[in-house]
Peer 1: 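Following this message is one structure expressed as structure tokens.
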Amino acid sequence: MLSLDVGRRRIGLAGCDGLGLTVSPLPALHRGAHAQNLHYLQTLCHQRNVQGLVVGVPLDDQGQLTDQAHHCRRYGRRIARDLGLPLAFVNEHSSSWAAADRHGLQGDRSGRLDSAAAALLLEQWLAEGPDVEPVNAAPDERGGNEANEGSCSHPSTTP
């Protein structure tokens with residue numbers, strides 16, 4: 001699995017081992033042209049044998065989608081579609097603050113904080129789900145796989 005903490009300037013990245021036991025922050029991706037970002041992510045996914053994506057969606061205090069949340073959902077669907085990978089969204093409300101506290105990264109602008117937040121998102125997903133789903137059935141259009149749904153399942157192993 002690969003987790004993305006999507007920002008306007010950087011995308012924090014984190015991955016886990018094949019069993020989902022160890023989560024590791026990876027170097028953040030500094031946003032550039034979509035084709036360049038896609039090439040980098042394709043290479044990373046191939047090297048790490050990524051089977052799905054987890055994208056953080058920043059909901060507000062009431063659990064509602066923010067402007068940034070809409071951006072993250074659009075970007076997540078686009079990149080998952082381009083990579084041909086299933087996708088899950090998780091609520092990332094306060095993940096950057098939690099990552100900064102946990103790792104002492106307050107004020108970090110290097111990308112380490114973004115990737116630490118992505119690692120927290122992946123840990124959250126491993127613990128709580130929801131299942132990753134193909135992007136050809138967009139979550140918004142079906143009404144499922146919302147960032148604040150509380151499904152406690154993992155990627156389906158059935159064909």
Side-chain angles (χ1 to χ4, degrees), residues 1-16 20 22-32 34 37-38 41 44-45 50-83 85-156:
M1 295 302 293
L2 182 68
S3 176
L4 289 78
D5 179 41
V6 179
R8 299 281 181 181
R9 293 184 183 160
R10 289 177 300 277
I11 300 172
L13 301 170
C16 63
T22 306
V23 173
S24 304
L26 303 170
L29 172 60
H30 292 273
R31 300 271 307 253
H34 182 73
N37 293 341
L38 180 61
L41 292 170
L44 182 65
C45 288
V50 171
Q51 301 298 308
L53 301 176
V54 173
V55 174
V57 177
L59 303 179
D60 66 17
D61 291 336
Q62 289 76 40
Q64 300 299 309
L65 292 168
T66 63
D67 288 341
Q68 182 63 17
H70 288 290
H71 169 74
C72 292
R73 290 175 61 80
R74 281 190 307 272
Y75 187 85
R77 283 192 299 270
R78 181 179 184 193
I79 206 73
R81 195 174 301 119
D82 290 349
L83 293 170
L85 292 171
L87 170 68
F89 294 108
V90 295
N91 181 3
E92 72 163 85
H93 179 70
S94 303
S95 64
S96 293
W97 290 299
D101 285 345
R102 182 192 273 190
H103 300 284
L105 294 170
Q106 290 82 359
D108 175 75
R109 300 260 188 251
S110 70
R112 289 178 43 220
L113 176 58
D114 303 296
S115 291
L120 287 179
L121 297 173
L122 188 50
E123 288 171 3
Q124 176 184 333
W125 178 82
L126 288 166
E128 301 172 9
D131 286 347
V132 291
E133 296 183 10
V135 292
N136 56 355
D140 283 340
E141 296 163 3
R142 291 179 303 114
N145 195 7
E146 295 296 326
N148 56 353
E149 285 187 0
S151 169
C152 292
S153 55
H154 293 277
S156 176

Peer 1: Out of curiosity, Leu29 CG to Asn37 CG, how far, rounded to the nearest 0.5 Å?
Peer 2: 4.5 Å

Peer 1: For the CG atom of Leu26 and the CG atom of Leu4, what is their distance to the nearest 0.5 Å?
Peer 2: 10.0 Å

Peer 1: First locate atom CG of Leu85, then atom CD of Gln51, and finally report the distance between them rounded to the nearest 0.5 Å.
Peer 2: 7.5 Å

Peer 1: Any donor and acceptor pair, going by atom type alone, linking the side chain of Asp5 with main-chain N or O of Ser115 inside 3.5 Å?
Peer 2: no

Peer 1: Taking all non-hydrogen atoms of both residues into account, name the closest pair between Leu53 and Ala80 and its distance.
Peer 2: CD1-CA, 3.7 Å

Peer 1: As a test of understanding, state which of Leu65, Thr66, Asp67 forms a side-chain contact (heavy atoms from CB on, under 4.5 Å) with Pro58.
Peer 2: Thr66

Peer 1: Can you check whether Ala118's main-chain N or O pairs, donor with acceptor, with Ser3's side chain at less than 3.5 Å?
Peer 2: yes

Peer 1: So does Val6 get a backbone contact from the side chain of Gln68, meaning a donor-acceptor N/O pair under 3.5 Å?
Peer 2: yes

Peer 1: Quick one: pull up CG in Leu41 and CD1 in Ile79 and give me the separation to the nearest 0.5 Å.
Peer 2: 5.0 Å

Peer 1: Do the side chain of Arg77 and the main chain of Val135 share a donor and acceptor less than 3.5 angstrom apart?
Peer 2: no

Peer 1: CG of Leu87 to CD of Glu133: how many Å apart, nearest 0.5 Å?
Peer 2: 9.0 Å

Peer 1: Go through Arg8 and His71 one step at a time and tell me if the side-chain contact (heavy atoms from CB on, under 4.5 Å) criterion holds.
Peer 2: CA-CA 9 Å; Arg8 299 281 181 181; His71 169 74; 3.3 Å; yes

Peer 1: Could you state the interatomic distance from CH2 (Trp125) to CG (Leu120), rounded to the nearest 0.5 Å?
Peer 2: 15.5 Å

Peer 1: Is there a side-chain contact (heavy atoms from CB on, under 4.5 Å) between Asn91 and Val57? Walk through the geometry before answering.
Peer 2: CA-CA 5 Å; Asn91 181 3; Val57 177; over 6 Å; no

Peer 1: How close do Pro134 and Pro86 get, counting heavy atoms only, and between which atoms?
Peer 2: N-CB, 4.1 Å

Peer 1: Could you tell me whether the side chain of Leu38 reaches within less than 4.5 Å of the side chain of Leu83, counting heavy atoms only?
Peer 2: yes

Peer 1: Of all the heavy-atom pairs spanning Leu122 and Ala14, show the shortest one and how long it is.
Peer 2: CD2-O, 3.9 Å

